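See structure below.
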Amino acid sequence: AAALRGQPGAVVFLEGDLGAGKTTLARGLLQAMGVQGRVRSPTYTLMEPYQAGGRTILHMDLYRLADPLELHNLGLADYPPAETLWLVEWPEKGGALLPSPELRVTLQLQGGGRRADLHCEDPLRRALAAEFSEFLKVEH
């Protein structure tokens with residue numbers, strides 16, 4: 001969340017199987033970025049916009065999309081990714097109609113916990129490396 005706060009807008013893909021923790025991670029990010037109150041899952045609404053810290057954050061769950069063209073019905077043009085933080089669960093359902101992500105988080109169940117693999121582009125890579133330097137091995 002601290003690394004993403006410095007970005008004017010960004011697209012974050014949250015990937016993983018059912019139950020991997022995508023929505024839980026999105027909730028944690030939203031709360032860490034200052035979203036107050038209940039953070040709803042967008043499983044049925046497909047999209048939930050939030051305001052925090054003077055910016056708009058869009059949480060999407062595309063699992064129920066039958067066709068990527070359904071993205072046009074969500075009004076995403078009102079939330080340009082250059083100015084809005086997009087948290088996108090099940091991005092593969094949006095296909096090529098989604099912009100490329102600055103950050104891709106892949107979650108996997110592993111043992112009794114979870115594994116998170118982060119893949120990102122500069123300058124976000126440098127910001128994340130600084131935030132995680134004491135906790136994780138960062139591969140370049």
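Residue numbers run from 1 in the order of the sequence given. Every value quoted in this text rests on a predicted model; they were computed, and no experiment measured them.
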| task | Could you walk me through whether R114 and L109 pass side chain to side chain contact (heavy atoms under 4.5 Å, CB included), step by step? | result | CA-CA 5 Å; R114 307 257 187 317; L109 296 173; 3.4 Å; yes
| query | So, does K22 use its side chain to make a donor-acceptor pair with the main chain of F13 at under 3.5 Å? | reply | no
| query | For the side chain of Q31 and the backbone of G28, is there at least one donor-acceptor N/O pair under 3.5 Å apart? | reply | no
| field | Path from L62 to Y50 over hydrophobic side-chain contacts below 4.5 Å | value | no
| message | Is there a path of hydrophobic side-chain contacts, each under 4.5 Å between heavy atoms of I/L/V/M/F/W/Y residues, joining L14 to L71? | response | no
| request: Taking R55 for its side chain and Q7 for its backbone only, find out whether a donor-acceptor pair lies under 3.5 Å. | output: yes
| task | Over all heavy atoms of both residues, which pair between M47 and L58 is shortest? Give the atoms and the distance, please. | result | CG-CD1, 3.3 Å
| field | Derivation and outcome, side chain to side chain contact (heavy atoms under 4.5 Å, CB included), residues E89 and Y63 | value | CA-CA 7 Å; E89 297 183 45; Y63 182 75; over 6 Å; no
| remark: The reported gap from CG in D78 to CD in E83 (rounded to nearest 0.5 angstrom) is 11.0 Å
| Exercise: identify the closest heavy-atom pair between V105 and A116 | CG1-CB, 4.5 Å
| Heavy-atom closest pair, residues L46 and T43 | CD2-O, 4.1 Å
| note | V11 and P99 have their tightest heavy-atom pair at CG2-CG, 3.7 Å
| task | Measure across M33 and A52 and return the closest heavy-atom pair with its distance rounded to 0.1 Å. | result | O-CB, 3.4 Å
| message | Count I, L, V, M, F, W, Y as connected when their side-chain heavy atoms are under 4.5 Å apart, and connections chain through other members. Are L69 and L98 then in the same cluster? | response | yes
| task | State plainly whether one hydrophobic cluster holds both L25 and L103, where clusters connect Ile, Leu, Val, Met, Phe, Trp and Tyr through side-chain heavy atoms under 4.5 angstrom apart. | result | yes
| said: I need the E15 CD to E92 CD distance, nearest 0.5 Å. | reply: 6.0 Å
| message | I'd like to know whether W90 forms a side chain to side chain contact (heavy atoms under 4.5 Å, CB included) with L65, so could you lay out the CA-CA distance, the side-chain angles of the two residues, the decisive distance to 0.1 Å, and finally the verdict. | response | CA-CA 9 Å; W90 299 99; L65 284 187; over 6 Å; no
| remark: Heavy-atom closest pair (H59 atom, A26 atom, distance to 0.1 Å) is NE2-CB, 3.4 Å
| task | Please determine which of V39, L87, V35 meets the side-chain contact (heavy atoms from CB on, under 4.5 Å) test together with R27. | result | V39
| task | Please determine if R40 and E48 form a salt bridge, counting it only when a charged side-chain N lies under 4.0 Å from a carboxylate O. | result | yes
| remark: CD of Q108 to CG of D117, rounded to nearest 0.5 Å, is 6.0 Å
| Quick one: do L29 and W86 end up in the same hydrophobic cluster if we chain Ile, Leu, Val, Met, Phe, Trp and Tyr together by side-chain heavy atoms under 4.5 Å apart? | no
| message | By the definition side-chain contact (heavy atoms from CB on, under 4.5 Å), identify the one residue from I57, L85, V88 that meets it with V12. | response | L85
